[in-house]
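The analysis underlying the following values was restricted to heavy atoms, covering all of them including side chains, and did not include hydrogens, waters or symmetry mates.
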Amino acid sequence: MRMFPLITLPAVLLIACGAAAQETMNPFPDPIETDEGVIKVDVVEVAAIPRIDGTPAHMKKLVHEPGTDRLFLADERGPIYIIDEDGGVSEYLNVDAEEWGVPVDASWRETGIQSFAFHPQFTEWGTPGHGKLYVWTDTTDTGPEAHFTSDGSDNPHDTVLLEFTAKNPAAARYDGGPPRLLARFEQPFGNHNGGDIDFNPLASPGDEDFGLLYVGIGDGGSGGDPLNLAQDPGSGFGKIFRIDPMGSNGTGGEYGIPAGNPFAGDGDPATLGEIYAWGVRNPQHLAWDPATGTMYVADIGQNAVEEVSPVTAGADLGWKVWEASFRFGRQGVIADDRRGDPEVTYPVAEYDHQDPLFTGSVAVTGLVVYRSDAIPQLDGRLLFGDLASGEILHVDADNLPEGGQAHVRRVLLRAGGKTQTLLQLIQAKNREQGRTVADRTDLRMAAGQDGRIYLLNKHDSTLRALVPGD
């Protein structure tokens, strides 16, 4: 097993400074094919999500309730809604409600509810996970002492992991008491806060992974990981944790460290046992391949390359020594220093910020490994997207590339007799609504139990789904 490096910063700076002339924002000069290999999929409108103070819903994550057909969707500003099969929407829980004492900080694009997850036993009476709902959110309440600090000079907000317990999980509205706080992170900057949280959907009772919660944690923010946290084994920032929410031997005593974690009980008190993998920058989404069990993360890049990477126990995803497949440089990446460390886990798919397919800011989003014949053309594809442009992309999940964008292709949407991008659909909806036309999508994606793939955005309050064609 590879252990954490003791010192990485000086070496990185020397390499980056010495090779400044070789830094680039365009390591993949051959652009993504815009017409070749395009998959066309029908898209339908599923529900209208409530506006807040007149502004469109900020849809952040959608999940299926375990064992039922109910959909739950979070607006990053606080509400978690139930969506019924007819598209009706009702509020299940408002995390920002005064009674919970956890004011949500949704003051700008990267803050708010980061993610939420149901325990796989949520609906099973008499089990440890009965009624348990976990919420990963930013909060303006920075008074209590944090379990994880960064030694940064600022503390604009904290990010907290909460456990809500419903008395009757089948109820139309949350009926439990105040949340239990499992972990608190003192954020040094406003961005790169949390990430995704998820239980392994493939794990069954009796499996080592069953009931263990994966928590994606950003590197603390700013740019270039200035506090050198992602490669620090004693820091909780820039990591993917795996914890047992029912345990008590973790930091702060409100969750457990699974004995099977790669650094649990290794005898090094300076290494956090919660760590499952490290070296991430801004881990937006986690996903598992139903056919192979492989876990993936979509991790937003610094200023040159976006990446989708496999995650294994003890894996170093490279940041900030590496940005995706390339040596990190302050003004880009060093294109001729690619995949130079055999012990780093590098991406299976990448794309660069200069590709003409994308405009404005660039950030990887979404993550679904599609294994269903419900939409045959998507079967066996690893799907991801670009957050701002709303471009939906795919690679072959059974013949994974070794990084790069040469094998990346597009997914386009069919609606109203037209083939369009998600951004074009949103813009058309904005015109219909009489609203200012959006210039970005803020795309998120989620898999449905019925073979649908749901498309979330922040600009027209419309939840959509990819569906089989006629």
N/O donor-acceptor pair under 3.5 Å between D355 side chain and D352 backbone: no

Result of checking F148, F189, F185 against F237 for ring pair (Phe, Tyr, Trp, His ring centres under 6.0 Å): F185

Beyond-backbone contact of V160 with V102, side-chain heavy atoms, under 4.5 angstrom: yes

Q302 side chain vs E323 backbone, donor-acceptor pair below 3.5 Å: no

H64 NE2: over 12 foreign heavy atoms closer than 6.0 Å: yes

Distance-only polar pair, side chains of N430 and R435, donor-acceptor under 3.5 Å: no

Chi angles and distances behind the side chain to side chain contact (heavy atoms under 4.5 Å, CB included) call for D244, Y255: CA-CA 6 Å; D244 177 2; Y255 62 83; over 6 Å; no

Donor-acceptor under 3.5 Å (E306 side chain, G301 main chain): yes

Heavy-atom side-chain proximity of I49 to L73 below 4.5 angstrom: yes

Residue pair H285 / D299, side-chain donor-acceptor N/O under 3.5 Å: no

Y370 side-chain N/O to R452 backbone N/O, donor-acceptor pair under 3.5 Å: no

Within 6.0 angstrom of E402 CD, more than 12 heavy atoms from elsewhere: no

Pairs touching residues 458-467 that satisfy side-chain hydrogen bond (donor to acceptor under 3.5 Å, both in side chains), sequence neighbours left out: E76-K458, D442-H459, N457-D460, D460-R464

Side-chain heavy atoms of V38 within contact of V411, under 4.5 Å: no

Side-chain (E186) to main-chain (T149) donor-acceptor, under 3.5 angstrom: no

Cationic N near anionic O, under 4.0 Å, D35 to R409: no

Residue pairs involving residues 381-390 (criterion side-chain hydrogen bond (donor to acceptor under 3.5 Å, both in side chains); sequence neighbours excluded): Y351-D386, R381-H394, D386-S389

Distance-only side-chain donor-acceptor flag, D209 / N200, under 3.5 Å: yes

K132 side chain to P128 backbone, donor-acceptor under 3.5 Å: no

Set of side-chain hydrogen bond (donor to acceptor under 3.5 Å, both in side chains) partners for E65, sequence neighbours left out: T68, R70

Side chain to side chain contact (heavy atoms under 4.5 Å, CB included) evaluation trace for V408 with E33: CA-CA 8 Å; V408 174; E33 294 283 350; over 6 Å; no

Working for salt bridge (charged side-chain N to carboxylate O under 4.0 Å, His left out), residues R180 and E254: CA-CA 8 Å; R180 179 171 72 96; E254 296 296 328; 2.9 Å; yes

Residue pair Q114 / D138, side-chain donor-acceptor N/O under 3.5 Å: yes

Audit row: R444, D196, salt bridge (charged side-chain N to carboxylate O under 4.0 Å, His left out) steps and yes/no: CA-CA 11 Å; R444 267 84 181 179; D196 202 5; over 6 Å; no

Side-chain heavy-atom pair L413, I392 within 4.5 angstrom cut-off: yes

Heavy-atom side-chain contact between W136 and I217 under 4.5 Å: yes

Name of the residue among Q187, R281, E110 meeting side-chain hydrogen bond (donor to acceptor under 3.5 Å, both in side chains) with H192: R281

Working for salt bridge (charged side-chain N to carboxylate O under 4.0 Å, His left out), residues R77 and D53: CA-CA 11 Å; R77 292 167 289 188; D53 296 330; over 6 Å; no

Contacts of Y296 that satisfy ring-ring contact (aromatic ring centres under 6.0 Å, His included) - sequence neighbours left out: none

Side-chain heavy atoms of K239 within contact of E274, under 4.5 Å: no

Any D219 side-chain heavy atom under 4.5 Å of V280 side chain: no

Pairs satisfying ring-ring contact (aromatic ring centres under 6.0 Å, His included), at least one member in residues 34-61, at least two apart: none

Polar side-chain atom of N282 near backbone of I300 as donor-acceptor pair, under 3.5 Å: no

Donor-acceptor contact present, side-chain T365 to main-chain G385, <3.5 Å: no

Flag for S107-D105: side-chain donor and acceptor within less than 3.5 Å: yes

H130 ring center within less than 6.0 Å of F122 ring center: no

Output field: ring centroids F118/F72 closer than 6.0 Å: yes

H147 side chain to R184 backbone, donor-acceptor under 3.5 Å: yes

Flag, side chain of D379 to backbone of S372, donor-acceptor distance under 3.5 Å: yes

Pairs flagged by side-chain hydrogen bond (donor to acceptor under 3.5 Å, both in side chains) wherever residues 81-100 is involved - sequence neighbours left out: E91-R173

Atom CH2 of W108: over 12 foreign heavy atoms under 6.0 Å: yes

Geometric class of the W322/Y346 ring pair [parallel <30°, tilted 30-60°, perpendicular >60°]: perpendicular

Contact summary for V104 and G78, nearest pair of heavy atoms: CG2-CA, 4.5 Å

Proximity of F164 and Y174 rings by center, below 6.0 Å: yes

Neighbour count above 12 (heavy atom, 6.0 Å) for D69 CG: no

Validation row: V41, I375 side chains within 4.5 angstrom (heavy atoms): yes

